[in-house]
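When a residue number appears, it is its place in the shown sequence, counting from 1. For the numbers below, each heavy atom of this structure counts, side chains included, while hydrogens, waters and symmetry mates do not.
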Amino acid sequence: TGELMPVAELEELLAGLPERVVTLVDEALVDYVDVQPTDASIRLLERYPRMLVFRSFSKAWGLAGLRCGYAVGAPEAASLLAQLEPDLGVNDLAQHGALEALRAMEPQVQQRVQMVIGQRTRVVETLRSSPYEVGDTHANMVWVKLPGVDGAELASRLERHQIIVQPGGAIGAPDHIRASVQLPQHADRLLRALELSAEKGAHAAA
């Protein structure tokens with residue numbers, strides 16, 4: 001949904017957990033966070049060695065086809081990481097692709113991230129002056145609902161305008177949709193389709 005757990009809340013959670021509990025932190029979308037340092041959770045590892053931080057090359061890095069990511073843990077976490085290692089490991093192609101991306105692609109990734117953040121801000125601000133309700137987001141997506149309209153129905157309306165979104169019913173929020181934010185022209189099309197979908201609902205109600 002794009003919601004972020006601030007690092008202070010994460011630390012409060014970790015401090016309250018029994019020592020036997022292992023905490024897995026999914027940071028697949030951390031590159032899009034602009035309200036705290038991207039290494040904020042990793043800085044906690046010295047104090048909380050029963051935490052593992054998982055990251056992916058599939059999102060901001062654009063390497064979804066490689067199915068490659070990494071986990072970071074304290075030195076004491078080596079045995080935990082060994083238990084989670086994929087049975088077949090990571091193939092040579094994926095390893096070389098990820099290493100080459102780290103070597104040469106960071107400027108392009110940062111440029112892409114800044115573009116997404118800018119379009120995300122524009123989409124959220126535009127929707128907040130519309131009939132839609134949209135939550136704060138720190139990812140490459142917006143979490144949206146149109147009061148009085150089921151999320152599946154809203155997704156169907158958007159699909160008629162060639163916009164594909166994810167209805168929220170699968171994660172327990174049937175009144176919401178999740179829409180990705182990418183290039184400016186994609187944001188333009190999304191906003192226009194949302195505007196037309198809201199108008200359709202208003203006409204139907206009238």
Side-chain angles (χ1 to χ4, degrees), residues 1-13 16 23-38 40-41 53-56 58-62 64 109-206:
T1 65
E3 187 174 352
L4 172 72
M5 174 181 280
V7 68
E9 291 184 16
L10 174 60
E11 184 167 16
E12 183 179 356
L13 170 66
T23 304
L24 311 182
V25 181
D26 179 355
E27 291 195 338
L29 297 169
V30 70
D31 295 285
Y32 298 108
V33 174
D34 62 348
V35 294
Q36 66 185 30
T38 55
S41 62
V53 178
F54 290 81
R55 296 187 174 182
S56 173
S58 296
K59 306 300 182 181
W61 290 81
V109 171
Q110 290 306 312
Q111 183 179 12
R112 184 182 306 136
V113 165
Q114 291 307 310
M115 178 191 65
V116 169
I117 290 173
Q119 295 309 307
R120 167 182 92 191
T121 301
R122 179 166 73 95
V123 168
V124 169
E125 290 178 351
T126 301
L127 292 179
R128 284 185 173 158
S129 60
S130 78
Y132 288 93
E133 296 179 9
V134 57
D136 292 334
T137 177
H138 302 281
N140 61 336
M141 65 188 75
V142 289
W143 183 238
V144 181
K145 78 172 183 176
L146 180 60
V149 177
D150 182 75
E153 165 61 22
L154 180 55
S156 177
R157 293 182 191 178
L158 291 170
E159 189 171 1
R160 295 182 198 120
H161 299 288
Q162 289 75 55
I163 300 293
I164 305 299
V165 299
Q166 178 65 48
I171 56 173
D175 56 346
H176 279 76
I177 62 164
R178 186 180 69 184
S180 297
V181 178
Q182 300 178 45
L183 298 171
Q185 57 266 36
H186 297 159
D188 291 340
R189 290 182 58 206
L190 173 63
L191 288 170
R192 180 57 177 159
L194 286 167
E195 180 184 3
L196 292 172
S197 297
E199 288 175 357
K200 176 180 178 180
H203 293 156

How far apart are the C-alpha atoms of Leu196 and Arg192, what are their side-chain angles, what is the distance that settles it, and do they pass the side chain to side chain contact (heavy atoms under 4.5 Å, CB included) test? CA-CA 6 Å; Leu196 292 172; Arg192 180 57 177 159; 3.6 Å; yes
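In this structure, CG in Leu146 is found 9.5 Å from CG in Leu158, a value given to the nearest 0.5 Å. With rounding to the nearest 0.5 angstrom, the CD1 atom of Ile164 is 11.5 Å from the OG atom of Ser180. Considering CG of Leu191 and OG1 of Thr126, their distance stands at 5.0 Å, rounded to 0.5 Å. Rounded to the nearest 0.5 angstrom, Thr137 OG1 and Ile117 CD1 are separated by 10.0 Å. Atom CE of residue Met5 and atom OG of residue Ser41 lie 11.5 Å apart, to the nearest 0.5 angstrom.
Here the shortest heavy-atom pairing between Arg157 and Ser197 reads NH1-O, 2.8 Å. Among all heavy-atom pairs drawn from Pro6 and Gln36, the shortest one is CA-OE1, 3.6 Å. Between Met141 and Gly2, the shortest heavy-atom contact is SD-N, 4.0 Å. Here the closest non-hydrogen pair linking Val124 and Val134 is O-CG1, 3.9 Å. Closest approach of His138 to Asp34, counting heavy atoms only: ND1-OD1, 4.1 Å. A pairwise comparison of heavy atoms in Ala173 and Trp143 identifies CB-CZ2, 3.5 Å as the closest pair.
At distances below 3.5 Å, not a single donor-acceptor pair connects side-chain atoms of Arg122 with backbone N or O atoms of Ala187. At distances below 3.5 Å, at least one donor-acceptor pair connects side-chain atoms of Tyr132 with backbone N or O atoms of Leu194. Judged by distance alone, with hydrogens and angles left aside, the side-chain atoms of Ser156 form no donor-acceptor pair with the main-chain N or O of Ala152 at under 3.5 Å. Using modelled atom types, one side-chain atom of Arg120 and one backbone atom of Ala139 make a donor-acceptor pair closer than 3.5 Å. For the pair Arg55 (side chain) and Asp31 (backbone), a donor-acceptor distance under 3.5 Å is absent.
Checked for salt-bridge contact, Glu125 and Arg128 miss the test: no charged N lies under 4.0 Å from a carboxylate O.
Under the salt bridge (Lys or Arg N to Asp or Glu O under 4.0 Å) criterion, Arg178 pairs with no residue at all, not counting sequence neighbours.
Residues Leu190 and His186 have side chains not in contact (no heavy-atom distance under 4.5 Å, counting atoms from C-beta outward).
Other residues, nucleotides and ligands contribute more than 12 heavy atoms inside 6.0 Å of the CD atom of Gln185.
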